[in-house]
Amino acid sequence: MGEQAPGTAGEGHATHGVDAPTEAFVAHRDLLFTVAYEMLGSATDAEDVLQETWLRWVGVDLATVLSPRAFLVRITTRQALKRLRTLARRKESYVGPWLPEPLLTSPDVAEDVELAESVSMAMLLVLETLAPTERAVFVLREVFDLSYDEIAEAVDKTPAATRQIAHRARAHVAARRPRGTGSPAEHRAALDAFRSAVENGDLQGLLDVLAPDVVALSDGGGVKHALLRPVVGADEVARLLAVGWWKRDADRSIQPVQVNGGPALLIRIGGEIDGVLAVRVENGFVTGAYHVRNPEKLSRVEREITVSR
């Protein structure tokens, strides 16, 4: 096994007394993790990509590198594109809907509106509908504001072709991205009403806060009980939340948290984390409910993970 990449995503990284390659890698680690995560929707796979990036980075002659940041982003992008093909095969046999791996994020992420939207469950699901190269180009251009020349090197295309891919990806996302996100105060009010209605099995309370076309998705990975297909519409989703599995587990607690830059509920049963219910709020109403129960996707909701751009 190769040398372990220094640092862990989300933790403070001390660089005293380290060599130049390590210092450069650690300085950009949170950025590289965010790039990989937005391309993959999986923190576990993003960490693997960072390990592969590190192994390549330590073999580079730094005297030939004009910009360590751009060089590292290029390596990370290429490794993430390779990993996307592996993920695509894995998803073909996945049981039920596949949802991104949730990240517990700090409140300051929500204050960066563009970053918060880019890592949100809703946006990551939109990015899933892009081809791999389109996804890479969109993320690098729209989220991280790289130049077309830098992106072209990362995805092995000409700058002209990269511009065309960016235009196509931008139009694709614009037609599908959520609208009218609302203010943080609206988010909090909607989440408080939603949480109260869920905890009390209040059908009318849920109907009051759910948008008419709300969509609920859940991901149990074939391990935990979950919906096998999306549930659409306020009536259906309200019934599901008011009288569904929530009512069968008396020893449960529901804690409001920030997940992927947006509001969510962390659900514990018997003191153990059972799942995360992330919600999409638009104009004061819940338009999306994303419930992750797959145990393999719940390792990063107990401590905050740093995302950056």
Side-chain angles (χ1 to χ4, degrees), residues 7-14 26-38 40-44 46-47 50 99-127 139 142-145 177-199 209-211 214 252-268 273-292 297-309:
T8 299
E11 295 181 347
H13 311 306
V26 170
H28 299 296
R29 196 186 201 286
D30 290 336
L31 165 71
L32 301 178
F33 173 81
T34 309
V35 169
Y37 176 72
E38 292 202 20
L40 301 170
S42 164
T44 301
E47 288 288 356
L50 259 63
L99 289 176
E101 183 177 352
L103 304 178
L104 186 68
T105 51
S106 60
D108 64 323
V109 174
E111 294 172 7
D112 184 338
V113 176
E114 290 184 1
L115 178 62
E117 183 190 27
S118 73
V119 298
S120 70
M121 287 284 190
M123 178 56 78
L124 290 174
L125 288 174
V126 171
L127 296 182
V139 167
E142 299 301 313
V143 182
F144 298 99
D145 198 30
R177 77 192 312 160
R179 302 291 183 183
T181 56
S183 68
E186 286 179 321
H187 281 192
R188 286 191 294 272
L191 184 65
D192 288 345
F194 180 76
R195 176 193 179 190
S196 175
V198 165
E199 284 186 314
V209 74
L210 295 175
V214 61
R252 73 179 188 279
S253 65
I254 299 175
Q255 174 190 355
V257 292
Q258 287 276 335
V259 164
N260 289 60
L265 301 175
L266 182 63
I267 302 140
R268 289 184 173 86
I273 292 177
D274 181 77
V276 170
L277 181 61
V279 297
R280 175 75 185 181
V281 177
E282 298 180 48
N283 300 317
F285 293 94
V286 173
T287 58
Y290 312 101
H291 184 203
V292 180
K297 296 185 177 183
L298 297 174
S299 64
R300 288 168 175 83
V301 294
E302 293 189 84
R303 65 174 181 83
E304 290 182 357
I305 301 296
T306 302
V307 292
S308 66
R309 64 190 180 107

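K297 places a side-chain N or O within 3.5 Å of a backbone atom of L99 that can act as its donor or acceptor partner. Remark: the backbone N or O of I254 is paired with a side-chain donor or acceptor of R195 at under 3.5 angstrom. Without hydrogens or angle criteria, S196 side chain to D192 main chain gives no donor-acceptor distance under 3.5 Å. When atom types are taken as modelled, the side chain of N260 and the backbone of V119 share a donor-acceptor pair closer than 3.5 angstrom. In terms of modelled atom types and a separation under 3.5 Å, the side chain of Q258 and the main chain of P107 share no donor-acceptor contact.
Residues satisfying the salt bridge (charged side-chain N to carboxylate O under 4.0 Å, His left out) criterion with R188, sequence neighbours excluded, are absent altogether. By the side-chain contact (heavy atoms from CB on, under 4.5 Å) test, S253 pairs with R268, sequence neighbours left out. When the side-chain contact (heavy atoms from CB on, under 4.5 Å) test is applied to A264, the partners found at least two apart in sequence or on another chain are V257, V259, V276, A278. Considering only residues two or more places apart in sequence or on other chains, E38 meets the salt bridge (charged side-chain N to carboxylate O under 4.0 Å, His left out) condition with none of them. For E111, there are no salt bridge (charged side-chain N to carboxylate O under 4.0 Å, His left out) partners two or more places apart in sequence or in a different chain. For the salt bridge (charged side-chain N to carboxylate O under 4.0 Å, His left out) test, residues two or more places apart in sequence or in another chain that qualify with D112 are R309.
From L266, atom CG reaches atom CG of L104 across 7.5 Å, with rounding to the nearest 0.5 Å. Taken from CD in E304 to OG in S106, the straight-line distance is 5.0 Å, to the nearest 0.5 Å.
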| message | For I273 and E302: C-alpha separation, side-chain torsions, deciding distance, then whether side chain to side chain contact (heavy atoms under 4.5 Å, CB included) applies. | response | CA-CA 9 Å; I273 292 177; E302 293 189 84; 3.2 Å; yes
| said: Between V281 and T287, does the side chain to side chain contact (heavy atoms under 4.5 Å, CB included) criterion hold? Intermediate values first, please. | reply: CA-CA 6 Å; V281 177; T287 58; over 6 Å; no
| request: For the pair R252 and E199, evaluate salt bridge (charged side-chain N to carboxylate O under 4.0 Å, His left out) and give the outcome as yes or no after the intermediate values. | output: CA-CA 9 Å; R252 73 179 188 279; E199 284 186 314; over 6 Å; no
| message | With side chain to side chain contact (heavy atoms under 4.5 Å, CB included) as the criterion, how do L32 and V35 come out once you've worked through the C-alpha distance, each side chain's angles and the decisive distance to 0.1 Å? | response | CA-CA 5 Å; L32 301 178; V35 169; 5.5 Å; no
| Between H291 and I267, is a side chain to side chain contact (heavy atoms under 4.5 Å, CB included) present by the stated rule, with each step listed? | CA-CA 10 Å; H291 184 203; I267 302 140; 4.1 Å; yes
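With respect to R29 and E47, a salt bridge is recorded, a charged nitrogen being found less than 4.0 Å from a carboxylate O.
In terms of heavy atoms, G261 sits closest to A116 at O-CB, 3.8 Å. Scanning all heavy atoms of the two residues, the minimum distance from V292 to M121 falls at CG2-CE, 4.0 Å. P256 approaches L191 most closely through the heavy-atom pair CB-CD2, 4.1 Å. Here the closest heavy-atom approach between residue S308 and residue F144 is recorded as O-CE2, 3.4 Å. Heavy-atom minimum distance, P100 versus L125: CD-CD2, 3.9 Å. Of all the heavy atoms in F194 and V279, the pair that sits closest is CE2-CG1, 3.6 Å.
In this structure, the side chains of T44 and E101 come closer than 4.5 Å at one or more pairs of heavy atoms. Counting only heavy atoms from C-beta outward, the side chains of L103 and V301 never approach each other to under 4.5 Å. With a 4.5 Å cut-off on side-chain heavy atoms, I305 and Y37 do not count as touching. With a 4.5 Å cut-off on side-chain heavy atoms, E114 and E142 do not count as touching. Within the 4.5 Å cutoff, no side-chain heavy atoms of F33 are placed close to those of T306. Counting heavy atoms from C-beta on, the side chains of R300 and P102 never come closer than 4.5 Å.
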